[in-house]
Protein chains: 2
Amino acid sequence: MHKITDDEIITLLKENRFKATPQRLAICRFVLESHDHPSAEQIYTTIRKDYPTISLATVYKTLGLLDTIGLISELRFNATHTRYDPKMSLHINIICPKCLNIDDFESNSLNKTWQAIISDIEGEILGQRIDVYKLCKNCKK
Amino acid sequence: MHKITDDEIITLLKENRFKATPQRLAICRFVLESHDHPSAEQIYTTIRKDYPTISLATVYKTLGLLDTIGLISELRFNATHTRYDPKMSLHINIICPKCLNIDDFESNSLNKTWQAIISDIEGEILGQRIDVYKLCKNCKK
DNA sequence: TTTCTTGCAAACTTTTTGCACAGTC
DNA sequence: GACTGTGCAAAAAGTTTGCAAGAAA
């Protein structure tokens, strides 16, 4: 997993005929490098430090765009919690049902086992979302 | 998978200290037996045929209650699509990204392979959600 | 210059809440 | 009779949209 560069982001945007604006760059940078599945609000608050005039609408529009391109996935959990997941390698979202914290789980064996699972499904698989509910350390106390 | 009886539903409700009302019974019956992951609106429209005075609020309250008890899962997909999934056996939601239709996928091997996956995760697993995106027959044309 | 994007405010959708009345146990 | 649930209307929260001004190509 290497740190994505601005040039790579710009290329990605242009490949998809989107213009590279500073706001988009900032949002892409933040989301694609984040490991904690931020919410739209968190993204907005963070980006606002550098771009005080940015609006929530722009954040949503950019996130929608990234979802269209296929660089991130929207993960909706309930009415008030949507999180954005940069589409990296195959992973499991380990979700604490109490505090709603999300951790990624990856392993070498996961790829192999997942292949076994989807090999039973006919047709081309375009993507997946795997959530597992488990109390986190703090909430288990 | 046997058809759940009213008595069983009543027992389930009482075990959890909820009162058994006709509205609740109707909603539980419909959701627990449905195989197509209905939306709150669909549930409301259906139940209204027999209980014309029922309100959407009651539907949501009952669904929330069933989620608390653990009999169903809310599956949120995007801002306008929440579906309710009766928690039966382990299964994969096969979702068409175009028409948002949902099919369940179950197989004997799935249980075994899933066990292999979660055996790598430490701690007690409380539940899971597995979505796979694949164009349905109609949309593939 | 042309086209796309931003940012504001308003609109929209779904879901939740407060409360008086009614029903369950 | 005590307590919980229903159903209405209103509120809430998150997300989307229309549009004029601005920026990118």
Side-chain angles (χ1 to χ4, degrees), chain A residues 6-7 9-28 31 37-45 47-69 72-84 100, chain B residues 6-7 9-31 37-45 47-69 72-84 100:
Chain A
D6 281 3
D7 282 348
I9 298 174
I10 293 172
T11 305
L12 276 169
L13 287 172
K14 294 204 176 161
E15 272 173 0
N16 290 277
R17 293 186 195 155
F18 290 115
K19 290 182 178 167
T21 66
Q23 292 94 324
R24 278 188 182 157
L25 267 179
I27 295 169
C28 293
V31 177
H37 307 70
S39 66
E41 196 65 40
Q42 286 168 341
I43 297 165
Y44 175 59
T45 308
I47 304 297
R48 224 148 90 103
K49 288 174 192 158
D50 289 324
Y51 299 85
T53 68
I54 206 170
S55 72
L56 242 188
T58 299
V59 172
Y60 277 112
K61 284 170 186 165
T62 304
L63 291 172
L65 172 167
L66 289 177
D67 196 38
T68 303
I69 295 181
I72 63 169
S73 307
E74 285 191 343
L75 300 181
R76 308 245 175 177
F77 293 104
N78 60 45
T80 54
H81 285 88
T82 305
R83 304 293 209 87
Y84 294 89
L100 299 180
Chain B
D6 282 3
D7 282 349
I9 297 175
I10 294 171
T11 306
L12 277 169
L13 287 172
K14 295 203 176 161
E15 273 173 1
N16 291 276
R17 294 187 194 152
F18 291 115
K19 289 184 179 165
T21 67
Q23 293 94 325
R24 278 187 182 158
L25 266 179
I27 296 169
C28 293
R29 231 183 273 137
F30 180 67
V31 177
H37 307 72
S39 66
E41 196 64 40
Q42 286 168 343
I43 296 165
Y44 174 60
T45 307
I47 303 297
R48 225 148 90 102
K49 288 173 191 158
D50 290 323
Y51 299 84
T53 67
I54 206 170
S55 70
L56 243 188
T58 300
V59 172
Y60 277 111
K61 283 170 186 166
T62 304
L63 292 172
L65 173 165
L66 289 176
D67 196 39
T68 304
I69 296 182
I72 62 168
S73 308
E74 285 190 342
L75 299 182
R76 307 248 174 177
F77 294 105
N78 61 44
T80 54
H81 285 88
T82 304
R83 304 292 210 87
Y84 294 88
L100 298 180

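Chain A is the first sequence line, chain B the second, and so forth, proteins listed ahead of strands; every chain is numbered from 1.
- For dT6(D), one of the phosphate oxygens OP1 or OP2 lies less than 4.0 angstrom from a side-chain nitrogen or oxygen of Thr21(B).
- Separating the CZ atom of Phe18(A) from the C1' atom of dT3(C) is a distance of 14 Å, rounded to the nearest angstrom.
- Among all heavy-atom pairs drawn from Leu56(B) and Ala40(B), the shortest one is CD2-O, 4.2 Å.
- In this structure, CG in Leu66(B) is found 9.0 Å from CZ in Phe18(B), a value given to the nearest 0.5 Å.
- Regarding Leu65(A), its CG atom lies at a distance of 7 Å from the P atom of dT5(C), rounded to whole Å.
- Closest-nucleotide positions on DNA chain C for Ile10(B) and Arg76(B) were compared, and the one nearer the 5' end corresponds to Arg76(B).
- The interatomic distance linking Gln23(B) (CD) with dG23(C) (C1') rounds to 9 Å, in whole Å.
- Pro22(B) comes within 4.0 angstrom of the backbone, heavy atoms only, and of no base.
- Map Tyr44(B) and Arg17(B) each onto its nearest nucleotide of DNA chain D; the residue landing nearer the 5' end is Arg17(B).
- For Arg24(A), the side-chain atoms get nearest to dT6(C) when compared with the rest of dT6(C), dC8(C), dT24(C).
- Evaluation of atom-type donor-acceptor distances gives no pair under 3.5 Å for the side chain of Lys61(B) against the base of dT16(C).
- For the pair Glu15(B) CD and dC25(C) P, the computed distance is 15 Å after rounding to whole Å.
- dA10(C) atom P lies 16 Å from atom CG of Leu56(A), rounded to whole Å.
- One interatomic measurement links the two molecules: NE2 of His81(B) to P of dT13(C), which rounds to 13 Å at whole-angstrom precision.
- Between Tyr84(B) atom OH and dT14(C) atom P the separation is 11 Å, expressed in whole Å.
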Give the intermediate values and the outcome of side chain to side chain contact (heavy atoms under 4.5 Å, CB included) for residues Phe77(A) and Leu100(A). CA-CA 9 Å; Phe77(A) 293 104; Leu100(A) 299 180; 5.6 Å; no

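- Here the side chain of Ala20(A) is nearest to one of dG14(D), dA25(D), dT14(C), namely dA25(D).
- Between Thr53(B) and dG7(D), a side-chain N or O to OP1/OP2 separation shorter than 4.0 Å is present.
- In this structure, Cys28(A) SG and Leu13(A) CG are separated by 5.0 Å, a value rounded to the nearest 0.5 Å.
- Here Thr58(A) reaches the OP1 or OP2 of dG7(C): one of its side-chain N or O atoms lies under 4.0 Å away.
- Rounded to whole Å, atom C1' of dC3(D) lies 15 Å from atom NZ of Lys14(B).
- Of the candidate nucleotides dA25(D), dT16(C), dG5(D), dG5(D) has the atom lying nearest to any side-chain atom of Lys19(B).
- Taking CD1 of Ile47(A) as the reference point, atom CD1 of Ile54(A) lies at 6.0 Å (rounded to 0.5 Å).
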